[in-house]
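Right, one structure below, let's go through it.
Not measured: the values here are computed from a predicted model. Numbers for residues simply follow the sequence, beginning at 1.
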Amino acid sequence: MGNLKINILNDEGKMTGFLIDREILSGLYITFDFSKVEQNYERFNINYKNPKENQMNSVTHNMDEITIVSTQLDADNHVQFLIEENLSLKKLRRVPENIIPLEFKKMIRNAYKKYCENNFLTSVAS
């Protein structure tokens, strides 16, 4: 089976495939395969810095219709969340912590709220 991807417009206005590993819930996708994450960094011009020792490094990349949260845990361990406008924060809270740990849920929620503020969406639940 080929790579799963979501076609979105990149910052240059080109339709580009964002590689994902799976859909967690409507409006939220995860990529944890390092080669896919690297391709997404390149395709969407996402810059990240090396994390300090014992510290996660996260970068939020806001686009017109989506937000990408990239977290570098160490040199070869990265995770990305693609967040769409239709994400339900209420449903996100119900996702078990063995699927999405609380720390990641907080990052996703904060990125989603910022996305909504930037796009003047007023129907954001806490």
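Smallest separation of non-hydrogen atoms from His61 and Asn45: CE1-O, 4.1 Å. The minimum heavy-atom distance linking Gly13 with Leu9 is given by the pair O-CD2, 3.5 Å. Of all non-hydrogen atoms in Glu84 and Ile66, the two that sit nearest each other are CG-CG2, 3.9 Å. Closest non-hydrogen pair, Gly17 versus Asn40, comes out as O-OD1, 4.2 Å. Leu19 and Thr31 get closest at one heavy-atom pair: O-OG1, 2.6 Å.
For residues 80-100, the set of pairs meeting the ring-ring contact (aromatic ring centres under 6.0 Å, His included) definition, not counting sequence neighbours, comprises Phe81-Phe104.
The environment of NZ in Lys105 is crowded: more than 12 heavy-atom neighbours from other residues, nucleotides or ligands sit within 6.0 Å. Open room surrounds CD on Glu65; 12 or fewer heavy atoms of other groups in view lie less than 6.0 Å from it. By the 6.0 Å contact criterion, CD on Glu97 is enclosed, its count of non-hydrogen atoms from other residues, nucleotides or ligands being greater than 12.
Side-chain contact between Ile83 and Tyr115: absent, with no pair of heavy atoms (C-beta onward) separated by less than 4.5 Å. When side chains are defined from C-beta on, Gln80 counts as touching Ile46, because their heavy atoms get closer than 4.5 Å. No side-chain heavy atom of Val69 sits under 4.5 Å from any side-chain heavy atom of Asn110. At a threshold of 4.5 Å between non-hydrogen side-chain atoms, the residues Leu28 and Val95 do not count as touching. Using a 4.5 Å heavy-atom threshold, the side chains of Thr71 and Leu73 count as touching.
Taken to the nearest 0.5 Å, the CD1 atom of Ile8 stands 5.0 Å off from the CE atom of Met63. One distance of note links CE of Met107 with CG of Leu102; it measures 10.0 Å at 0.5 Å rounding. One finds the NZ atom of Lys106 at 12.5 Å from the CG atom of Leu92 (value rounded to the nearest 0.5 Å). Note: Leu82 CG to Glu23 CD = 10.5 Å, rounded to the nearest 0.5 Å.
Every residue two or more places apart in sequence or in another chain was checked for a side-chain contact (heavy atoms from CB on, under 4.5 Å) with Asp64, and none qualifies. Looking at residues two or more places apart in sequence or on another chain, you find a side-chain hydrogen bond (donor to acceptor under 3.5 Å, both in side chains) between Lys36 and Asp21. Every side-chain contact (heavy atoms from CB on, under 4.5 Å) that Thr16 has, sequence neighbours left out, goes to Asn10, Lys14, Arg43, Phe44. The ring-ring contact (aromatic ring centres under 6.0 Å, His included) check on Tyr41 picks up Tyr48, His78, with sequence neighbours excluded. In terms of the side-chain hydrogen bond (donor to acceptor under 3.5 Å, both in side chains) criterion, Ser88 has no residue partners (sequence neighbours excluded).
Between the side chain of Tyr112 and the backbone N or O of Leu87 there is at least one donor-acceptor pair closer than 3.5 Å.
Ile30 and Ile99 fall within the same hydrophobic cluster, where Ile, Leu, Val, Met, Phe, Trp and Tyr residues are linked whenever their side-chain heavy atoms come under 4.5 Å apart, directly or through other members.
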